Amino acid sequence: MTEDRRRGAPNVLRSEMAKDYAARACTFVLLIGAWDLAVRTGLVSKDILATPWSVAQALWHGYVGGALWPHFWATTTETLLGFALGCAIALVVGAAVAEFRTLERFIYPYVVALQSMPKVALAPLLIVWCGFGLLSKVVLVALICFFPMFVNVVAGLHSARPELVDLYTAFSSGRWRLFLDVKLPSALPGIFAGLQISLVLALLGAVVGEFVASQQGLGSLIQAASLNFDVPVMFACIVTLALMGASASMLVRYLQRRLLFWEPGGDRQASTTSTAA
């Protein structure tokens with residue numbers, strides 16, 4: 001009987017995943033149908049809300065014709081570079097602050113003060129400092145990504161189990177060994193949560209930077225399309241940004257499930273393999 005349960009576990013997981021995908025597909029179809037019906041019946045003007053078909057045509061012509069690709073790659077480059085820079089600095093600074101209490105007293109209030117500044121207000125200043133090119137957008141994205149990653153790193157490192165810390169201390173383990181074996185594994189769930197939040201905010205920062213001053217990028221294309229009242233192109237850019245954010249978030253969640261397989265609800269494949277074994 002126990003063997004039957006073990007064999008049935010993969011089927012149960014596949015069934016749950018199928019239900020999840022079916023529910024999402026139904027929600028998508030209902031939303032698209034309601035959207036199309038609202039425009040075609042005149043409930044919402046076409047000048048305000050484009051039809052799904054016109055948005056699909058704008059996406060098709062934009063990517064097949066190649067007009068959207070330069071803007072897509074510009075936004076992607078700004079997002080990824082700023083995200084990597086901001087998260088890397090936050091990881092280093094957060095680890096240092098969590099490890100050294102004196103450093104926390106000196107740095108933490110200024111980090112909070114920096115976060116309280118609206119980044120949209122800093123964008124014009126960054127343009128003056130860094131110019132109209134790629135650097136200003138990367139710096140803006142890095143500033144936006146820094147704080148959520150920093151807070152999650154500090155909180156995660158502080159969440160290490162006290163009994164394990166005491167055990168390593170009793171056996172005279174060095175600070176570096178204690179950090180790698182105990183504190184870092186405890187902080188990984190928080191770090192991945194920070195990565196997911198920072199990814200969404202990174203796209204926001206890139207688009208804001210493009211709104212302020214840029215000749216390329218999806219944000220600048222949205223602004224140009226708004227001046228021409230080209231609603232389908234605006235929606236095509238918004239849909240692209242939504243898909244970029246969702247894909248990046250799903251990738252981080254996938255990596256989290258693969259790497260943190262010991263977590264509840266972690267890697268399903270690892271769970272299935274261990275159960276079958």
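No experiment lies behind these values; they were computed from the predicted model shown. Residues: numbered from 1 along the sequence shown.
Taking 4.5 Å as the limit, some side-chain heavy atom of Leu184 sits within range of a side-chain heavy atom of Ile191. Taking the side chain as every heavy atom from C-beta outward, Leu241 and Thr75 approach each other to under 4.5 Å. For the pair Leu134 and Leu81, the minimum side-chain heavy-atom distance is below 4.5 Å. A heavy-atom distance below 4.5 Å is found between the side chains of Leu201 and Leu204. Side-chain contact check for Leu68 versus Leu221: some heavy-atom pair is nearer than 4.5 Å. For the pair Phe83/Leu195, a side-chain contact is recorded, criterion being any heavy-atom separation below 4.5 Å from C-beta on. Side-chain contact between Val208 and Ile144 is absent, with no heavy-atom pair separated by less than 4.5 Å. Residues Phe192 and Gln196 are not in side-chain contact: their nearest non-hydrogen atoms beyond the backbone lie 4.5 Å or more apart.
The main-chain N or O of Phe132 is never found under 3.5 Å from a side-chain atom of Ser136 such that the two would form a donor-acceptor pair. Between the Thr76 side chain and the Phe72 main chain, a donor and an acceptor come within less than 3.5 Å of each other. The backbone N or O of Gln223 lies less than 3.5 Å from a partner atom in the side chain of Ser226, making a donor-acceptor pair.
The distance from atom CG of Leu135 to atom CD of Glu78, rounded to the nearest 0.5 Å, is 11.0 Å. For the atom pair CZ of Arg253 and CG of Leu251, the computed distance is 12.0 Å after rounding to the nearest 0.5 Å. With rounding to the nearest 0.5 angstrom, the NZ atom of Lys137 is 12.0 Å from the OG1 atom of Thr79. Atom CG of Leu122 is separated from atom CD1 of Ile127 by 11.5 Å, given to the nearest 0.5 angstrom.
Criterion: ILVMFWY side-chain heavy atoms under 4.5 Å apart, direct or through other members. Under it, Val200 and Ile222 are not part of a common hydrophobic cluster. Hydrophobic clustering (ILVMFWY, side-chain heavy atoms < 4.5 Å, transitive): Leu80 and Met149 are in distinct clusters. In this structure, Leu199 is a member of the same hydrophobic cluster as Leu188, with clusters built from ILVMFWY side-chain heavy atoms closer than 4.5 Å. Hydrophobic cluster membership is shared by Leu259 and Val252, with clusters built from Ile, Leu, Val, Met, Phe, Trp and Tyr side chains linked at under 4.5 angstrom. Cluster annotation: Trp60 and Tyr63 are assigned to distinct hydrophobic clusters (Ile/Leu/Val/Met/Phe/Trp/Tyr, side-chain heavy-atom contacts under 4.5 Å, transitive).
Ring orientation note: the planes of Trp35 and Phe235 are tilted relative to one another, at an angle of 30° to 60°. Relative orientation of the Trp69 and Trp73 rings is parallel, given thresholds of 30° and 60° on the angle between their planes.
Counting non-hydrogen atoms of neighbouring residues, nucleotides and ligands closer than 6.0 angstrom, the CD atom of Gln215 reaches no more than 12 such neighbours.
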